[in-house]
Amino acid sequence: MGFMDKVRGQFIDIVEFLDDTRDTIVWRFPRQGNEIKMGAQLVVREGQVAVFVDEGQIADVFTPGTYELTTENIPILSTLKGWKYGFSSPFKAEVYFVGTRQYTDLKWGTQNPFAVRDAEFGLVRLRAFGTYALRVTDPATLLRQLVGTDPDFVTGEVAEFLRQVIVEAVTTALAGAGIPMLDLAANQGEISKKLVGTLSASLAEYGIALPRFVIENISVPPEVEEALDKRSRMGIVGDLGAYTQFQAATALEAAANNPGAAGSGAGMVIGMGLGQAAAGAVAGAGQAPAAGAGAAPPPLPGAQWYVAIDGQQAGPFAVASLPEKVASGRMGADTLVWRDGMAAWQPAAQVPDLASLFAATPPPLPPQA
């Protein structure tokens with residue numbers, strides 16, 4: 001290497017930044033003691049600006065394009081250096097390349113739940129998370145407020161600061177929106193749009209803005225979710241009497257598939273009776289149905305009895321018709337019966353009102369000689 005080659009090696013001829021990352025916001029050109037040659041080429045690509053700094057003071061800012069560095073196109077730096085006349089010797093200056101594109105898919109979220117007042121549920125704790133995009137709007141201000149002399153400033157260095165600003169704004173927006181908790185999901189998009197302007201205004205003093213902000217989810221603690229699920233199920237059930245009958249039928253089906261537990265005919269009859277008793281109690285607690293088309297006729301006068309005949313519920317029967325069933329053998333002392341007011345099915349002989357149907361009868365005569 002000749003002497004002139006060594007001399008030329010001390011001077012920088014091209015100043016540029018080829019960004020091969022997705023998160024570098026500010027990158028300082030590595031001068032490493034070398035001097036920038038007057039007349040050197042400055043290449044600023046789309047999505048970048050170049051900021052010249054002289055002894056800690058911001059001088060010229062270059063937008064995308066290719067420039068030949070002379071005292072004419074770096075007027076502020078020329079003034080700071082005291083170049084009153086056309087001066088062509090090399091000079092020293094720090095050059096920062098600042099990305100002005102959008103940095104997308106940045107995450108935010110609330111580490112702890114925050115409390116809001118809901119008209120329906122009272123005090124409720126919420127969590128929220130989502131994404132946002134970052135863009136530099138004032139490179140000089142960004143260097144002064146956040147970057148300083150950092151030679152490689154990336155999104156991760158500002159992420160926690162932005163998360164704190166975002167969480168404060170989201171908490172304030174949701175607490176003051178006056179939107180019922182169950183309607184927040186339907187209004188996430190509208191709230192996000194309002195927060196774009198609010199956040200960009202609060203971050204303007206740092207030279208950055210959030211052109212895109214998205215609330216992906218607003219959730220409640222697990223115990224609140226469980227309570228809401230129960231409430232939803234009750235709303236789906238609707239008619240509690242019908243639900244009770246359905247539960248009784250489900251229990252009977254399970255018992256039929258498991259004879260060892262309750263698969264006998266008597267167990268099935270008792271289970272059916274208990275289900276109908278519960279349904280009858282619920283129906284009796286409400287108001288009588290209004291008269292109209294399809295209304296059931298009122299019961300006949302006198303006690304109405306239901307009888308388990310051949311494993312099936314039969315009836316209702318008037319008490320006067322029961323002796324005939326006893327005489328025909330269709331109803332015996334152990335036959336299960338039920339009427340309104342009884343807690344459960346009972347054997348007929350154990351019911352005081354029916355015990356007289358099974359009066360003692362003499363035994364058969366002994367064989368005659």
Side-chain angles (χ1 to χ4, degrees), residues 12-32 34 36-37 39-54 56-70 72-77 91-108 130-166 169 192-193 195-214 216:
I12 297 172
D13 293 325
I14 298 178
V15 181
E16 63 180 349
F17 173 40
L18 298 174
D19 186 5
D20 58 355
T21 71
R22 297 297 300 167
D23 62 348
T24 301
I25 301 177
V26 178
W27 181 79
R28 185 173 66 194
F29 185 81
R31 187 165 48 83
Q32 299 179 349
N34 293 340
I36 300 174
K37 180 181 178 181
Q41 295 291 313
L42 171 66
V43 181
V44 183
R45 290 172 171 78
E46 290 294 337
Q48 299 176 346
V49 295
V51 181
F52 280 68
V53 178
D54 178 54
Q57 186 172 355
I58 294 177
D60 300 287
V61 179
F62 291 83
T63 57
T66 300
Y67 305 87
E68 181 179 350
L69 299 178
T70 65
E72 286 78 13
N73 60 18
I74 47 176
I76 299 178
L77 184 63
F91 62 94
K92 291 185 178 182
E94 294 179 321
V95 182
Y96 290 87
F97 286 88
V98 182
T100 57
R101 65 177 179 83
Q102 287 193 28
Y103 297 85
T104 59
D105 295 328
L106 302 177
K107 310 292 184 182
W108 68 271
T131 60
Y132 65 95
L134 169 67
R135 183 170 62 85
V136 177
T137 56
D138 190 336
T141 300
L142 176 68
L143 290 174
R144 294 190 189 99
Q145 297 293 337
L146 294 179
V147 179
T149 59
D150 190 340
D152 191 7
F153 187 76
V154 297
T155 56
E157 297 181 60
V158 74
E160 178 58 24
F161 166 70
L162 292 177
R163 189 195 68 81
Q164 294 175 3
V165 175
I166 289 171
S192 297
K193 291 179 182 179
L195 284 172
V196 167
T198 301
L199 290 168
S200 295
S202 64
L203 293 171
E205 62 178 302
Y206 302 100
I208 56 180
L210 303 186
R212 177 175 171 79
F213 180 81
V214 177
E216 294 184 0

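Quick caveat: nothing in here was measured; it's all calculated off a predicted structure.
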Problem set entry | Steps toward side-chain contact (heavy atoms from CB on, under 4.5 Å) verdict (Ile12, Phe29) | CA-CA 11 Å; Ile12 297 172; Phe29 185 81; 3.6 Å; yes

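- What you find for Ala40 and Asp13 is that their closest heavy atoms are CB-O, 3.1 Å.
- Residues satisfying the salt bridge (Lys or Arg N to Asp or Glu O under 4.0 Å) criterion with Asp60, sequence neighbours excluded, are absent altogether.
- Using a cutoff of 4.0 Å between basic side-chain nitrogens and carboxylate oxygens, Glu46 and Arg101 are not scored as salt-bridged.
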For this session: Could you walk me through whether Leu203 and Val165 pass the side-chain contact (heavy atoms from CB on, under 4.5 Å) test, one step at a time?
Result: CA-CA 9 Å; Leu203 293 171; Val165 175; 4.1 Å; yes

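- Applying the side-chain hydrogen bond (donor to acceptor under 3.5 Å, both in side chains) test to Thr24 and every residue at least two apart in sequence or in another chain returns Thr21.
- Contacts of Phe62 classified as ring-ring contact (aromatic ring centres under 6.0 Å, His included), with partners at least two apart in sequence or in another chain: Phe52, Tyr67.
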Could you tabulate the donor-acceptor pairs under 3.5 Å formed by side-chain atoms of residues 144-157, not counting sequence neighbours?
residue	atom	partner	partner atom	Å
Asp150	OD1	Asp152	N	3.0
Glu157	OE2	Val154	N	3.2

For this session: Go through the steps for Leu199 and Phe213 under the test side-chain contact (heavy atoms from CB on, under 4.5 Å), then give the verdict.
Result: CA-CA 9 Å; Leu199 290 168; Phe213 180 81; 3.7 Å; yes

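- Between Ile36 and Ala93, the closest heavy-atom pair is CD1-O, 3.9 Å.
- Note that the CG atom of Asp23 and the CG atom of Leu106 stand 9.5 Å from one another [nearest 0.5 Å].
- Looking at residues two or more places apart in sequence or on another chain, you find a salt bridge (Lys or Arg N to Asp or Glu O under 4.0 Å) between Arg163 and Glu160.
- With 3.5 Å as the limit, one finds a donor-acceptor pair spanning the side chains of Glu72 and Thr70.
- Separating the CZ atom in Arg45 from the OG1 atom in Thr100 is a distance of 13.5 Å, to the nearest 0.5 Å.
- Trp108 contributes a side-chain N or O that, together with a main-chain N or O of Val214, makes up a donor-acceptor pair within less than 3.5 Å.
- Taking OG of Ser192 as the start and CD of Glu216 as the end, the distance is 9.5 Å to the nearest 0.5 Å.
- Taking 4.5 Å as the limit, every side-chain heavy atom of Val44 sits out of range of all side-chain heavy atoms of Thr63.
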Output a table of donor-acceptor pairs, distance under 3.5 Å, between side-chain atoms of residues 130-140 and any protein atom two or more places apart or on a different chain; print 'none' if there are none.
residue	atom	partner	partner atom	Å
Thr137	OG1	Gly207	O	3.1
Asp138	OD1	Ala140	N	3.4
Asp138	OD1	Thr141	N	3.3
Asp138	OD1	Thr141	OG1	3.3
Asp138	OD2	Thr141	OG1	2.8

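- The two atoms that bring Phe97 and Gln48 nearest to each other are CD2-OE1, 3.8 Å, heavy atoms only.
- A distance of 12.5 Å separates CD1 of Ile166 from NZ of Lys107, quoted to the nearest 0.5 Å.
- Once rounded to the nearest 0.5 Å, the distance linking CD1 of Ile25 with OH of Tyr103 reads 5.5 Å.
- Between the side chain of Gln41 and the backbone N or O of Val15 there is no donor-acceptor pair closer than 3.5 Å.
- Panel note: side chain Asp54, backbone Glu94; no donor-acceptor pair is recorded below 3.5 Å.
- For the residue pair Pro211 and Ala209, the shortest heavy atom distance occurs at CD-O, 3.3 Å.
- Surrounding NZ of Lys193 are at most 12 heavy atoms belonging to other residues, nucleotides or ligands under 6.0 Å away.
- Considering every non-hydrogen atom in both Val196 and Leu210, the closest pair reads CG1-O, 3.4 Å.
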